[in-house]
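Atom set for the values below is all heavy atoms of this structure, side chains included, hydrogens, waters and symmetry mates excluded.
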Amino acid sequence: MKYMNNDFKDIIFNRHSVKVFDKDFKIPRDEMLEMIKEATTAPSSVNMQPWRFVIVESEEGKEKLRPLIRFNTRQNDTSSAMVVIFGDMKCYERAEEIYGSAVREGVMPEDVKKELMDFFMPAYMGASRDKMNDIVKIDCSLMAMQFMLVARAHGYETNAIGGFEEDLIGEALDLDPERYVPVLIVAIGKADYEPHKSVRIAPEDVSMFK
């Protein structure tokens, strides 16, 4: 793996899912926002950036979240924060803001912006709920993995959580459940133990060349 430097190899190959954190350690809000800024450079379909975050860090917030996360209460009770990631089913409503900023910053010509708006906006606005659900969940999942790698680069560990009450969590966190679909929760903080290694299926057993 000569193409990888040691720091990057450590971030990738020594990442483990941590389920118990140092409950006394809190991540500063400015650093959390910096990690989100770095994570949201992830790929996004036509740059609609559908990810939305609810960062549950207070005791009151965690008490509200606790009954909704099934068997993941250890992460909730000890992490610095539970980062709940939602996909915005109407993310296209910010297209003018996104593409307009690109024009103002000189990275997109005005005529290209108009072409994209004319082509993609009708497709997004007319997409079925199932199609939009697929789009936002793919984008948010790509970003979530990048967020976990960014967290390691900042010296933190994470645990990706998919076991929660999907039909209740949006409303419990004061979001419109019709507009915002829950994708994943990422528990983040300082590990309170040495995590064990896991195994993976060999690449030749999960790959085909044609």
Side-chain angles (χ1 to χ4, degrees), residues 11 15-42 44 48-91 93-94 97 129 132-133 135-193 195:
I11 290 169
R15 190 201 65 79
H16 304 287
S17 290
V18 170
K19 297 185 178 181
V20 180
F21 299 87
D22 178 353
K23 61 183 178 59
D24 296 320
F25 182 84
K26 293 298 180 184
I27 297 171
R29 288 190 177 184
D30 59 348
E31 186 177 16
M32 181 68 76
L33 291 174
E34 179 62 28
M35 288 190 288
I36 288 173
K37 180 180 179 180
E38 293 166 3
T40 54
T41 62
S44 169
M48 282 300 97
Q49 306 169 45
W51 37 70
R52 306 290 181 261
F53 305 85
V54 179
I55 301 157
V56 182
E57 59 178 5
S58 69
E59 291 303 317
E60 295 80 6
K62 287 189 172 187
E63 280 300 312
K64 185 181 291 188
L65 194 60
R66 200 173 199 275
L68 304 177
I69 54 174
R70 301 177 185 170
F71 39 81
N72 298 296
T73 54
R74 289 182 298 170
Q75 298 94 311
N76 183 67
D77 295 348
T78 64
S79 64
S80 291
M82 299 283 275
V83 180
V84 189
I85 300 167
F86 291 87
D88 184 356
M89 299 284 274
K90 294 184 179 180
C91 55
E93 290 185 354
R94 301 191 72 166
E97 174 189 348
R129 185 169 181 85
M132 281 303 300
N133 186 67
I135 290 171
V136 303
K137 285 192 172 180
I138 288 171
D139 280 11
C140 290
S141 296
L142 288 167
M143 183 283 306
M145 185 70 251
Q146 184 152 311
F147 177 72
M148 289 188 283
L149 295 176
V150 165
R152 283 221 80 234
H154 279 251
Y156 303 118
E157 301 295 346
T158 57
N159 182 219
I161 298 170
F164 54 86
E165 304 298 336
E166 295 183 22
D167 56 335
L168 300 175
I169 196 167
E171 190 171 359
L173 296 175
D174 303 317
L175 294 179
D176 177 0
E178 289 299 309
R179 175 166 183 162
Y180 299 100
V181 295
V183 178
L184 196 70
I185 301 174
V186 178
I188 181 171
K190 291 282 189 180
D192 197 37
Y193 66 99

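- With values rounded to the nearest 0.5 angstrom, Met82 atom CE is found 6.0 Å from Gln75 atom CD.
- Contact of the Met32 side chain with the Glu57 side chain is not registered, since no non-hydrogen atoms from C-beta on lie closer than 4.5 Å.
- Partner of Arg52 under the salt bridge (charged side-chain N to carboxylate O under 4.0 Å, His left out) criterion, out of Asp88, Asp139, Asp176: Asp88 alone.
- When side chains are defined from C-beta on, Arg179 does not count as touching Leu175, because their heavy atoms never get closer than 4.5 Å.
- In this structure, Ala144 and Ile85 approach most closely via the heavy-atom pair CB-CD1, 3.8 Å.
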Mind running side-chain contact (heavy atoms from CB on, under 4.5 Å) on Ile135 and Met48 for me, showing each step along the way? CA-CA 10 Å; Ile135 290 171; Met48 282 300 97; over 6 Å; no
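- Between Tyr180 and Phe86, the ring planes lie perpendicular to each other; the angle is over 60°, past the 30° to 60° tilted range.
- Considering CG of Leu33 and CD1 of Ile27, their distance stands at 11.5 Å, rounded to 0.5 Å.
- If you take CG on Leu149 and NE2 on His154, they are separated by 11.5 Å, rounding to the nearest 0.5 Å.
- At least one donor-acceptor pair closer than 3.5 Å links the side chain of Tyr193 to the backbone N or O of Lys19.
- Glu38 places no side-chain N or O within donor-acceptor distance of the main-chain N or O of Gln146, the cut-off being under 3.5 Å.
- Salt-bridge annotation for Lys190 and Glu157: absent, with no side-chain N of the basic residue lying under 4.0 Å from a carboxylate O of the acidic one.
- Within 6.0 Å of NZ in Lys23 there are 12 or fewer heavy atoms belonging to other residues, nucleotides or ligands.
- The shortest distance between side-chain heavy atoms of Ile185 and Asn72 does not fall below 4.5 Å.
- Pro177 is not listed as a side-chain neighbour of Asp167, based on a closest heavy-atom distance of 4.5 Å or more.
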Identify every side-chain donor-acceptor pair in residues 61-70 under 3.5 Å, counting partners at least two apart or on other chains, and give the distances.
{"residue": "Lys62", "atom": "NZ", "partner": "Asn76", "partner atom": "O", "Å": "2.9"}
{"residue": "Lys62", "atom": "NZ", "partner": "Ser79", "partner atom": "O", "Å": "2.3"}
{"residue": "Lys62", "atom": "NZ", "partner": "Ser79", "partner atom": "OG", "Å": "3.3"}
{"residue": "Arg66", "atom": "NE", "partner": "Asp77", "partner atom": "OD1", "Å": "3.0"}
{"residue": "Arg66", "atom": "NE", "partner": "Asp77", "partner atom": "OD2", "Å": "3.2"}
{"residue": "Arg66", "atom": "NH2", "partner": "Asp77", "partner atom": "OD2", "Å": "2.8"}
{"residue": "Arg70", "atom": "NE", "partner": "Glu165", "partner atom": "OE2", "Å": "3.2"}
{"residue": "Arg70", "atom": "NH2", "partner": "Phe164", "partner atom": "O", "Å": "3.2"}

Quick one, Thr40 with Gln49, criterion side-chain contact (heavy atoms from CB on, under 4.5 Å). Give me CA distance, side-chain angles, the key distance, then yes/no. CA-CA 8 Å; Thr40 54; Gln49 306 169 45; 5.7 Å; no
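- Taking every heavy atom of both residues into account, Ile55 and Ala81 meet most closely at CG2-CB, 3.9 Å.
- Residues Asp174 and Val54 fail the side-chain proximity criterion, which asks for heavy atoms closer than 4.5 Å.
- Side chain of Arg129 to main chain of Met89: no donor-acceptor pair is present (N/O by atom type, distance under 3.5 Å, no hydrogens or angles).
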Evaluate the side-chain contact (heavy atoms from CB on, under 4.5 Å) criterion for residues Ser141 and Val183: first the C-alpha distance (whole Å), next the side-chain angles of each, then the deciding distance (0.1 Å), finally the verdict. CA-CA 7 Å; Ser141 296; Val183 178; 3.9 Å; yes
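- In terms of modelled atom types and a separation under 3.5 Å, the side chain of Thr78 and the main chain of Phe21 share a donor-acceptor contact.
- The neighbour count for Glu31 CD, taken as heavy atoms of other residues, nucleotides or ligands under 6.0 Å away, is above 12.
- Distance CH2/Trp51 to CZ/Phe147: 13.0 Å, rounded to 0.5 Å.
- Side-chain contact between Ile188 and Val83: present, with at least one pair of heavy atoms (C-beta onward) separated by less than 4.5 Å.
- For the atom pair CD1 of Ile36 and OG1 of Thr41, the computed distance is 12.5 Å after rounding to the nearest 0.5 Å.
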